Colleague: 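For reference, the structure I am asking about is given below.
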Amino acid sequence: MRLYVSISLLVCGIVLFSLVVTDILISNRVAERAEQTMSEKAMIVARMIANTPLIIQELERSDDQGEIQRVSTNMVQASGVDFIVVMDMDGTRRSHPDPERIGEHFAGGDEGPVLNGQEYVSVAKGTLGMSLRSFAPIFNLEGKQIGAVAVGIFIQDVEQAISEERKSLLLGILMGGVIGVLGALYLARRIKKVLIGLEPKEIAKLLKERSAILNSTKEGIVAVDENLQITLANDEAKRIFKKSQKLLDEHELIGKPIGTVIEDSQLDRVLESGTADVDAQLQFHGLSLLVNRVPVVVEGKAHGAILTFRDKTEMRQITEQLTGITIYAEALRAQTHEFMNKLHVILGMVQFEFYDDLQNYIQKVTEQYQEEMGFIIRRIQEPVLAGFLLGKMSYARESGAILILEESSWIPDTLSENMIHEIITIMGNLIDNALDAVKETSVREVTVKVEWVDEKVVLLVQDTGKGMNEETLQYIFNKGYSTHGFGRGLGLHLVQERIQQLKGKLEVTSTQGKGTKFTLSWPAVGREEGRS
């Protein structure tokens, strides 16, 4: 059974059951109340007749002048009761709706107590049929009982009055039932709309899927309500909180104000503006986070916000690994391209049978390669870094430039893999910028010196490019700034960021028309220290 039908039937059933029970309970009370009201009405009329001076006077006279009948008839018409019977102490009627029955004994057999001075109400069958009768004794001025009066209302009139009361009650119950059914249908439709038309099983499935997705996402996710209280935090968010010494479990996080966990979340600003804030940086207990702040908007109003974040250090490591792989691939591509060019030269000489020239060419290339490779291997004992420099030299020759490694360069094979990667990343960006700088100059030389001095890596990259003025030097490390066009300006920004992370120093000098020189130094890490 669908949710809409279930809710409709349940609410309608409850409403109808409540109305039926109400009808049963109230109907009995209404019937009792209607009967009591009519009894009180008859009793009031009976007392009025019993205290009427003319009735008392006529009852004391032996000869009946018909005044009792006249007064009784007038009172019946005025009060709305069905009949009034006045009797003497023998139970003989002195008035009756049917004048022919005057002088006869009172019928019904329930008049005994009233002739003994009691007031009461009874239901009995007389000459006029079943009726509700109120009895009242009649006393003279001396206090002696001289008769009694019976005021009656036919039972069918009592039942009719009760029926009228019940009709009004039934009408109210029916109206309540209709309103209840309509309300049930509206409630069911409203709940269905709030649940976006989903059934309970579908909602349960979505919740399970959401939980699995959130906890498998490699981004920390924290959701807050309009009061900036945390309503959700996935496993990655808890891991980052623990990493930052914020040892909070789920029970401590849920319901906690976001400001007590992340001091400068700025989610209040996102809630107020209703606009997202993406790719922002946030310092959180020694961690540098890359965050996105997105409002949760329902019907044009922000009812909460979501904060997603990643550890920028981890992202940087991934980025740098990709950057390093790109640098390696580019170096290999350059070497491959240079090797293919040399093979084409050799092939041409073989085809033209220039064997002597071929021998000299191969010998020259071999000597140049051996000299270049031997020099680099002697100075750079780390194989990965040596291979990288050989690749960069090939790439420089391919682009029409010369890459020179100074003889004073020296790197031992004791540096950690992470430190070698740092050197390759920083050096690769600086060499690429330098090669770009000498593309349009007559002298296309790039000089590199890298050495390990006093537990520090010292790197120098110098080019013979056009140089830069003072104004340009102020912006070269800004992210996205470049003199080479759109889509550039990331290399130097990355270099500066890495040097800051490594707690090193960076100096740049440039002279227009003569070139630019970058000098960097940072603490080195050996293999054992790097592994620890």
Side-chain angles (χ1 to χ4, degrees), residues 319-320 323-324 326-335 337-338 341 368 372 375-376 379-380 385 388-409 422-451 457-500 502 504-522:
T319 303
E320 289 171 356
T323 303
T326 302
I327 291 173
Y328 298 149
E330 184 63 26
L332 291 173
R333 187 203 65 77
Q335 284 186 317
H337 190 267
E338 184 182 25
N341 288 338
Q368 180 183 358
E372 187 177 84
F375 172 75
I376 291 178
R379 309 309 302 169
I380 309 298
L385 184 55
F388 166 74
L389 284 171
L390 283 171
K392 278 300 179 184
M393 286 180 175
S394 299
Y395 176 75
R397 283 193 294 270
E398 182 185 4
S399 60
I402 299 175
L403 179 61
I404 302 170
L405 179 65
E406 287 195 2
E407 292 187 3
S408 60
S409 298
E422 296 287 0
I423 295 173
I424 290 175
T425 300
I426 295 171
M427 185 189 299
N429 281 294
L430 291 176
I431 291 175
D432 288 342
N433 274 350
L435 291 174
D436 283 340
V438 301
K439 280 184 178 179
E440 299 178 359
T441 59
S442 56
V443 180
R444 301 178 180 178
E445 291 183 358
V446 176
T447 303
V448 175
K449 181 174 74 171
V450 56
E451 55 185 346
V457 174
V458 179
L459 173 64
L460 179 145
V461 178
Q462 185 173 3
D463 63 65
T464 58
K466 295 180 179 181
M468 295 175 284
N469 55 32
E470 292 294 332
E471 182 179 357
T472 303
L473 285 174
Q474 296 178 3
Y475 300 104
I476 59 173
F477 295 109
N478 290 351
K479 186 177 181 180
Y481 179 83
S482 175
T483 59
H484 299 290
F486 179 76
R488 307 290 294 274
L490 296 176
L492 292 180
H493 173 74
L494 179 61
V495 168
Q496 184 189 47
E497 200 172 55
R498 294 311 302 137
I499 291 298
Q500 290 175 350
L502 294 169
K505 296 180 181 180
L506 186 155
E507 294 180 2
V508 55
T509 58
S510 183
T511 304
Q512 287 186 298
K514 293 185 178 181
T516 305
K517 180 172 70 173
F518 289 87
T519 305
L520 306 88
S521 64
W522 64 90

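Both backbone and side-chain heavy atoms feed into the values below; hydrogens, waters and symmetry mates do not. We number each residue from 1, following the sequence as shown. Predicted, not measured: the structure shown is a model, and the values here were computed from it.
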Colleague: Is a side-chain donor or acceptor of Ser510 paired with a backbone partner of Met468 at a separation under 3.5 angstrom?
Modeller: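 Yes.
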Colleague: Arg379 side chain to Glu407 main-chain N or O, any donor-acceptor pair under 3.5 Å?
Modeller: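 Here the side-chain-to-backbone pair exists.
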Colleague: Quick one: does any side-chain atom of Ser399 pair with a main-chain N or O of Tyr395 as donor and acceptor, under 3.5 Å?
Modeller: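 Such a contact is found between Ser399 side chain and Tyr395 backbone.
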Colleague: Say you draw a straight line from CZ of Phe518 to CG of Leu492; how long is it, rounded to the nearest 0.5 Å?
Modeller: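 The distance works out to 5.0 Å.
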Colleague: For the backbone of Phe477 and the side chain of His493, can you confirm whether one donor and one acceptor N or O come within less than 3.5 Å of each other?
Modeller: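 Pair found, side chain donor or acceptor close to backbone of Phe477.
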Colleague: Should the pair Lys392-Asp432 be classified as a salt bridge under the 4.0 Å nitrogen-to-oxygen rule?
Modeller: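 Yes, Lys392 and Asp432 are salt-bridged.
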Colleague: Would you say the side-chain atoms of Thr464 pair up with the backbone N or O of Val443, donor to acceptor, closer than 3.5 Å?
Modeller: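 Here the side-chain-to-backbone pair exists.
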Colleague: Do you know which two heavy atoms are closest between Lys449 and Ser408, and how far apart they sit?
Modeller: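 Nearest pair, atom of Lys449 first, then Ser408: CD-OG, 3.0 Å.
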Colleague: Measuring from Glu471:CD to Ile476:CD1, what's the distance to the nearest 0.5 Å?
Modeller: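 The distance works out to 13.0 Å.
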Colleague: Answer yes when Glu422 and Arg498 have at least one side-chain N-carboxylate O distance shorter than 4.0 Å, and no when they do not.
Modeller: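 Here Glu422 pairs with Arg498 in a salt bridge, since their nearest N and O are under 4.0 Å apart.
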Colleague: Which of these, Leu385, Asn429, Leu389, sits in a side chain to side chain contact (heavy atoms under 4.5 Å, CB included) with Ile424?
Modeller: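 The single option meeting the side chain to side chain contact (heavy atoms under 4.5 Å, CB included) with Ile424 is Leu385.
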Colleague: Going from CG on Leu520 to CG on Leu460, what distance comes out if it is rounded to the nearest 0.5 angstrom?
Modeller: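 Spacing of CG (Leu520) from CG (Leu460) equals 8.5 Å.
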Colleague: Regarding Lys505 and Glu507, does a basic nitrogen lie under 4.0 Å from an acidic carboxylate oxygen?
Modeller: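 So Lys505 does not pair with Glu507 through a salt bridge.
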Colleague: Quick check: closest heavy atoms across Leu405 and Ser409, and the distance to 0.1 Å?
Modeller: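 Answer, listing the atom of Leu405 first, then Ser409: CD1-OG, 3.4 Å.
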Colleague: Evaluate the criterion side chain to side chain contact (heavy atoms under 4.5 Å, CB included) for residue pair Ile402 and Val446; output intermediate values, then yes/no.
Modeller: CA-CA 6 Å; Ile402 299 175; Val446 176; over 6 Å; no
Colleague: Less than 4.5 Å apart, any side-chain heavy atom of Ile423 and any of Val457?
Modeller: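 Yes - at least one pair of side-chain heavy atoms lies under 4.5 Å apart.
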Colleague: Which value, rounded to the nearest 0.5 Å, describes the distance between Ile431 atom CD1 and Met393 atom CE?
Modeller: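 Nearest 0.5 Å value for the CD1-CE distance: 8.5 Å.
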Colleague: Give the C-alpha distance, both sets of side-chain angles, the deciding distance and a yes or no for side chain to side chain contact (heavy atoms under 4.5 Å, CB included) between Val448 and Leu459.
Modeller: CA-CA 7 Å; Val448 175; Leu459 173 64; 4.2 Å; yes
Colleague: Working to the nearest 0.5 Å, report the span between NZ of Lys466 and CD of Glu440.
Modeller: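 Reported value, rounded in 0.5 Å steps: 4.5 Å.
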Colleague: Is the shortest side-chain heavy-atom distance between Val461 and Thr516 below 4.5 Å?
Modeller: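 Side chain of Val461 against side chain of Thr516, heavy atoms only: no contact under 4.5 Å found.
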Colleague: Do the non-hydrogen side-chain atoms of Ile426 and Leu502 ever get within less than 4.5 Å of each other?
Modeller: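 Answer yes - side chains close enough.
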Colleague: Which distance, rounded to the nearest 0.5 Å, do you find between the CZ of Arg444 and the CG of Asp463?
Modeller: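 Output value for this atom pair is 13.0 Å.
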